[in-house]
Amino acid sequence: MLGKKTAIRVTVAATTMATLGIAVPQTAMAVTGEAPKAPASVGSIQFSPKASAETKSVVAAAPQAAAAAGNACGAGYTQSVYAERLPSSTTRYATLYLWTNGKETGPSYYDRPICAVLWNDTGAKQSMGIRLKDNYTSTPHTENFGSFSTYAGPVYQNRGYCGEVYSYMKKGGRVVIDTVRGVGSCN
């Protein structure tokens, strides 16, 4: 049986590993009897209550870039809703960030302002863009397309939580990102 200090050290190590997106050994969970909890925040970045573990991992892996993307959205957009490396976690040209300011703009939890930013991770100017749509057919899309060295966006929807976001990047004359993702975890 392990001592109390050892169990605490194992818990801290397992929690840190989970926060950084590193697989937690099963022995760590067996020692403490519980799985480590995902962080509620990373630095000044808060996570939306419905943010996925993958989103938290992406933000934790590059908190300065995530904070800069949030700052591009403006004051108050400090809750991370979604983050994904594109086109995949192993081949990354850009990172998609979605933010909310936590305010409700309608009667539903899903009526929340959303800001979207496509962060350029290539280090060079690329043809890229982002389009954000809410789930109300009467609302026009918002978009920002062009040649950008840092990011495309920010684009906003006042009730965008259950909408969709389109991300695009062309690098060296070849389309490397062409994706549509849902915003939030909606039913």
Side-chain angles (χ1 to χ4, degrees), residues 17-24 37-74 77-102 109-110 112-124 126-135 141-146 148-157 159-171 174-187:
M17 291 173 69
T19 300
L20 296 174
I22 301 169
V24 179
K37 295 179 180 166
S41 65
V42 171
S44 63
I45 300 169
Q46 300 294 313
F47 292 106
S48 165
K50 296 188 181 247
S52 70
E54 180 184 351
T55 291
K56 293 175 182 182
S57 175
V58 169
V59 169
Q64 290 176 320
N71 288 339
C73 288
Y77 283 87
T78 58
Q79 284 188 25
S80 176
V81 172
Y82 185 85
E84 180 184 6
R85 295 178 180 117
L86 296 172
S88 70
S89 61
T90 57
T91 304
R92 186 174 87 205
Y93 296 117
T95 305
L96 171 62
Y97 293 102
L98 300 172
W99 300 90
T100 186
N101 60 12
Y109 174 85
Y110 304 111
R112 293 179 184 267
I114 294 292
C115 172
V117 173
L118 183 62
W119 197 261
N120 183 346
D121 293 320
T122 68
Q126 305 296 338
S127 175
M128 57 192 290
I130 190 162
R131 179 180 305 124
L132 185 60
K133 175 188 178 330
D134 70 13
N135 64 337
H141 306 330
T142 56
E143 61 182 44
N144 184 233
F145 284 80
F148 304 107
S149 58
T150 309
Y151 59 86
V155 292
Y156 303 88
Q157 284 292 346
R159 298 183 299 180
Y161 194 84
C162 282
E164 65 182 31
V165 61
Y166 171 71
S167 304
Y168 173 86
M169 180 185 274
K170 195 173 192 179
K171 183 177 185 291
R174 191 176 117 238
V175 175
V176 293
I177 297 172
D178 187 12
T179 62
V180 175
R181 298 290 189 258
V183 177
S185 53
C186 304
N187 297 331

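Just so we're clear, the structure is a prediction, and the values are computed from it rather than from any experiment. Quick note: residue numbers are just sequence positions, from 1. All values below were derived from every heavy atom in this structure, side-chain atoms included, with hydrogens, water molecules and symmetry-related copies excluded.
- No option in P154, C73, S48 other than C73 meets the side chain to side chain contact (heavy atoms under 4.5 Å, CB included) test with W99.
- Ring centroid separation for the pair Y97 and Y77 does not come in under the 6.0 Å cut-off.
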Where do D121 and T95 land on the side-chain hydrogen bond (donor to acceptor under 3.5 Å, both in side chains) test, with the steps shown first? CA-CA 7 Å; D121 293 320; T95 305; 2.6 Å; yes
Before you tell me yes or no, could you show the steps for V183 and L132 under side-chain contact (heavy atoms from CB on, under 4.5 Å), namely the whole-Å CA-CA distance, both residues' side-chain angles and the distance that decides it to 0.1 Å? CA-CA 9 Å; V183 177; L132 185 60; 4.0 Å; yes
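- Taking all atoms of both residues into account, the shortest heavy-atom contact from S80 to V59 is OG-CG2, 3.7 Å.
- Between K133 and H141, the shortest heavy-atom distance links the atoms CD-CE1, 3.2 Å.
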With side-chain contact (heavy atoms from CB on, under 4.5 Å) as the test, would you mind laying out the steps for R131 and F145 before giving the verdict? CA-CA 8 Å; R131 179 180 305 124; F145 284 80; 3.8 Å; yes
Run the side-chain contact (heavy atoms from CB on, under 4.5 Å) check on V175 and Y168 step by step: do they pass? CA-CA 8 Å; V175 175; Y168 173 86; 3.6 Å; yes
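- Smallest separation of non-hydrogen atoms from R92 and P87: CA-CD, 4.4 Å.
- Taking both residues in full, the closest heavy atoms of G74 and Y156 are given as N-OH, 4.4 Å, listed atom of the first, atom of the second, then distance.
- In this structure the side chain of I177 never reaches within 4.5 angstrom of the side chain of M128, judged on heavy atoms.
- Residues L118 and L86 have side chains in contact (heavy-atom distance under 4.5 Å, counting atoms from C-beta outward).
- Salt bridge present: E84 and R181 bring a charged side-chain N and a carboxylate O closer than 4.0 Å.
- Smallest separation of non-hydrogen atoms from A94 and M169: CB-CE, 3.9 Å.
- Contact of the V165 side chain with the L98 side chain is registered, since non-hydrogen atoms from C-beta on lie closer than 4.5 Å.
- Judged by distance alone, with hydrogens and angles left aside, the side-chain atoms of E164 form no donor-acceptor pair with the main-chain N or O of G182 at under 3.5 Å.
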Go through the steps for L96 and I130 under the test side-chain contact (heavy atoms from CB on, under 4.5 Å), then give the verdict. CA-CA 9 Å; L96 171 62; I130 190 162; 3.6 Å; yes
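- Here the NZ-OG distance, from K171 to S127, works out to 13.0 Å after rounding to the nearest 0.5 Å.
- At least one side-chain heavy atom of I114 sits under 4.5 Å from a side-chain heavy atom of V81.
- Across all their heavy atoms, I45 and A67 have their closest contact at CD1-N, 3.7 Å.
- Between W119 and Y151, the two ring planes are parallel [angle under 30°; tilted spans 30° to 60°].
- A donor-acceptor pair shorter than 3.5 Å cannot be found between the side chains of Y93 and N120.
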